[in-house]
Amino acid sequence: MTDTQQPNPSEMAEVTQARPHRTLLNDAWIRLRRNRLAVAGAIIILIFALGAIFAPLITKYNFAKQDLDSIFLQPSGVHWLGTDELGRDVFARMLYGARTSLAVGIFTQLIVLLIGLPIGAFAGSKGGRVDNLLMRFVDIMYGFPDILLIILLSAVLRGTVFGNMGGGIFVIFLAIGLVAWVNVSRLVRGQILSLKQRDFVTAARAMGGKGTYITMRHLLPNSLGPIIVSITFGVPRAIFTEAALSYIGIGVKPPTPSWGAMIHDGYNVMFTAPHLVIVPAVAIALIMLAFTFLGDGLRDALDPRSRR
Amino acid sequence: MAENVVIEINNLAKYFPITSGLFFKKKVAEVKAVDGVSFAIHRGETLGLVGESGCGKTTVGKCVLQLYRATSGEVIFEGKNLCDLNENQLRPLRRKLQVVFQDPYDSLNPRFTAADIIGEPLQINSDIRGSDFDRRIAELLDIVGLAPYMADRYPHEFSGGQRQRLGVARALALQPEFIVCDEPLSALDVSIQAQIINLLDDLQDKFGIAYLFISHDLSVVRHMSDRVGVMYLGKMMELSERDEIYKSPLHPYTQALLSAVPIPDPAVEEKRKVIVLKGEVPSPINPPSGCVFHPRCPKAFDDCSKLIPQLKDAGSGHEVACLLYKTSWP
Amino acid sequence: MSTLLDVRNLVTRFHTQDGVVKAVNGASFTVAKGETIAIVGESGCGKSVTSLSILRLIAQPQGKIVSGEALLDGTDLLKLSTEEMRKIRGARISMIFQEPMSSLNPVLTIGRQMTEQLELHRHMGQQEALAEAINLLKLVGIPQAERRVKDYPHHFSGGMRQRVMIAMAISCKPQLVIADEPTTAVDVTIQSQLLELIRGITDEMGMSLILITHNLGVVARYARRVYVMYAGTVVEHGPALSVYHHPLHPYTSGLLASVPRLDEPRKGRLAPIEGQPPDMMCPPVGCPFQPRCAYALPKCLTDRPELQEMAPGHFTACWVAFSGETLWQKT
């Protein structure tokens, strides 16, 4: 009996000396910091976010103020990125456009989480007929082309009370969010189904844990990693969708600046004033790339398989 | 003897349906994972359950704990048939029936600290909290040979053997009377296995816990068990006292199983005659007629494919289900 | 007996995110023509990495063979070009893995996978190769081989798949077969079927066999000579009888004492080796077993012992054994 009660000294030494004490999130954080692309992505996102938040402090121009005396100006010391066909400052419009894009990215994903997470979790943990029914519905949603559904939804929503909230931006949040949640609900359901097979869940059942307890304590916390990654990849998709909608003229209403609308406006004068297209296009590309890099980094960092 | 019984299993059967169909699932076949198994375990006793993969030994363990609901049969614990109880009625009894799993990587929640893991049964089933809780965690860590400062570490910071110790500590937290050990050693290295064997041994001596020890390793089962049951294709083939079954196995399957285990001694191995069984374990969806072992049995005769042998006492409590013995004839 | 394979001071490392894993630290062993040796050790001791290093199948780019020689009939395998090495694999050295499902291609029939090798290494025509594949499947005891040659890997049970692996391993009549935990994934009755089959075939065809396993019983049954590995190095080797009856290294004797035996009276308690195997990112200085060794001397903490012959053909790397102490020996 004695030697099982006395922790073996070498055994303790092995744990203490070999690797420093780290929690899983700690571990993920350290790995994320080591990933240069992910860090670069995070920095780009931060710069855009700061620019969007502090836009009024950074530029003295109003994004909506027209100045017909100075249209199609090339970039200069006065107008850093030139002016557009109505003489509005492009730099200011780009900064305020970042507000639109980031808001779309974040709020759609919030809606996605609010709908997708509970439905996926419910289907996965209940199983059986409930699961079957919910997932067939998700499959049907999945079968429709996303962009078509979003256009339809935004057309319908425009007629409702949401139509005029925040210059039409609310409609965009809802339309994208109401379509994109299926991805997350599928992911959450899959995660939960596979976690349910794990022995630690069986152990919790064997000690009398109830269904909701098991879902909240074991199933959801362990699906968190993949959910975070999916959300991170969802942000650029939503930004791109908003840009596309605004480009075809059914996105945010003017004069609210949007990168997609800026490209649309600049398209006709692409050869005489190329900066009107290049600036918003580069902004979209940069923010999408940044989120993709960060998402890749998060996926590698949060994957517990890469460290045992 | 009878009042000493902790848990009694009568004629337990578990058939898993195989379904097909797009919208309406139709049962097309059944996997007879366990088919009419009976045994009893006494206070402070270890019953070893051996057999190859697919013999149903793990299913028996899960049915006993009501993690699977049996198709038919009884599991009697504290005078109640657990199979008749619903989940709410079972909950107060669950604390007395615990389990240690095979894979210590799979059986611990990676987002829980050691204290969370060991304390989970207390959180669910008791109102021990605060400093009493911490004291109990420290005590449990000590019992399984881990240091108190390890309480706030995560599973990935422990080695395989240490993780299995955590699994044992969790099973002990509610002072159960009975623990199902489902292949608790097979994921561990040889030198670590012995540590866990000794730990389980000591805990039994100290707390008088009864074990159902499920394993495919016949040497380990011999070391751990007081009595041993041999399963094949969902049926119990032989059940007896440990020394009896290892010294004079009656069933041809047990004999072959024992001879297949290599002994770590070249001098002994050189003189040993190995019974190599032909073929493989048949599918439990469509098990052979008569004695399920007859297609592989070196001693099979005509009647073996027709008659189902009964598990009966062939003398001095040594039960066997084989037509070579008069008692087994139906 | 002449030497077929002579591995000297093999060092293999893996570069991971968390640091460098020193998987193999100077392992040496020899295999004679027609001989069966066993490499025994626990998970992480480097036994599998050693065999993969010989075949140059270490995962790139993380894995790297840092130094050492692996002489097959005098040619250093570690110095061959990729193309030359490819001609050796399967033809002169072949391997049987633990998990046959992951080493068979799931979208090709068994027949196609077998004939591919025969056409490549033995320059057979299509018909001839198919006939030979059927012969091989019969040899390894697969019933209805003519029909089964058209089946896909998932049509076979675990034991049958391992038989297919054996058939493929011997198809080009290699001089050396390396079986890496060939029966860990199967049941004991299938284990004895497979091992008897491997022994029968290698004996009959005069092949050398390296049996890599953690199972001390399997070693005792099938190998004449045994190498015990711990923390990436060979700590003891010699004739199986001598190693099992008079282990010279405390790790070997500890291992033997920690397994319950079917043929001996049941002991009250087992004698486990305390502690854990070392973290191979920072293996201990001196003797690798020293942190777990009950007999460690001051010297063990600082100097790494080299293998020395203590009895005919029986080598060990242990300062305590060198000092003439035999306190852990079985009586």
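The basis for the numbers below is simple: all heavy atoms, side chains too, and nothing from hydrogens, waters or symmetry mates. Every chain is numbered from 1 and lettered A, B, ... according to where its sequence line falls, protein lines coming before strand lines.
Note on B:Ile117, B:Leu108, B:Asp205, B:Asn88: by heavy-atom pairs under 4.5 Å with chain A, the leading option is B:Leu108. Counting heavy-atom pairs under 4.5 Å between each of B:Val99, B:Val100, B:Asn125 and chain A puts B:Asn125 at the top. Counting heavy-atom pairs under 4.5 Å between each of A:Thr202, A:Leu195, A:Asn222 and chain B puts A:Asn222 at the top.
A donor atom on one side chain and an acceptor atom on the other are found under 3.5 Å apart for B:Asp182 and B:Thr58.
Using a 4.5 Å cut-off between heavy atoms, B:Arg95 does not touch chain A at all. Looking at B:Leu90, neither its backbone nor its side chain comes within 4.5 Å of chain A, counting heavy atoms on both sides. Both the backbone and the side chain of B:Asn109 come within contact range of chain A, with heavy atoms under 4.5 Å apart. The contact between B:Leu67 and chain A is made by backbone and side chain atoms together, counting heavy-atom distances below 4.5 Å. Proximity to chain A involves both the backbone and the side chain of B:Glu120, based on heavy atoms less than 4.5 angstrom apart.
Distance check: B:Thr46 OG1 to B:Phe213 CZ gives 8.5 Å after rounding to the nearest 0.5 Å.
Note: B:Phe16 and B:Tyr68 meet the aromatic proximity criterion, with ring centroids under 6.0 Å apart. A centroid separation of less than 6.0 Å is found between the aromatic rings of A:His218 and B:Phe112.
Of all heavy-atom pairs between B:Ile137 and B:Ala151, the closest is CG2-CB, 4.4 Å.
The side-chain tip of A:Arg186 points at the ring of A:Tyr142 from less than 6.0 angstrom away and within 45° of straight on.
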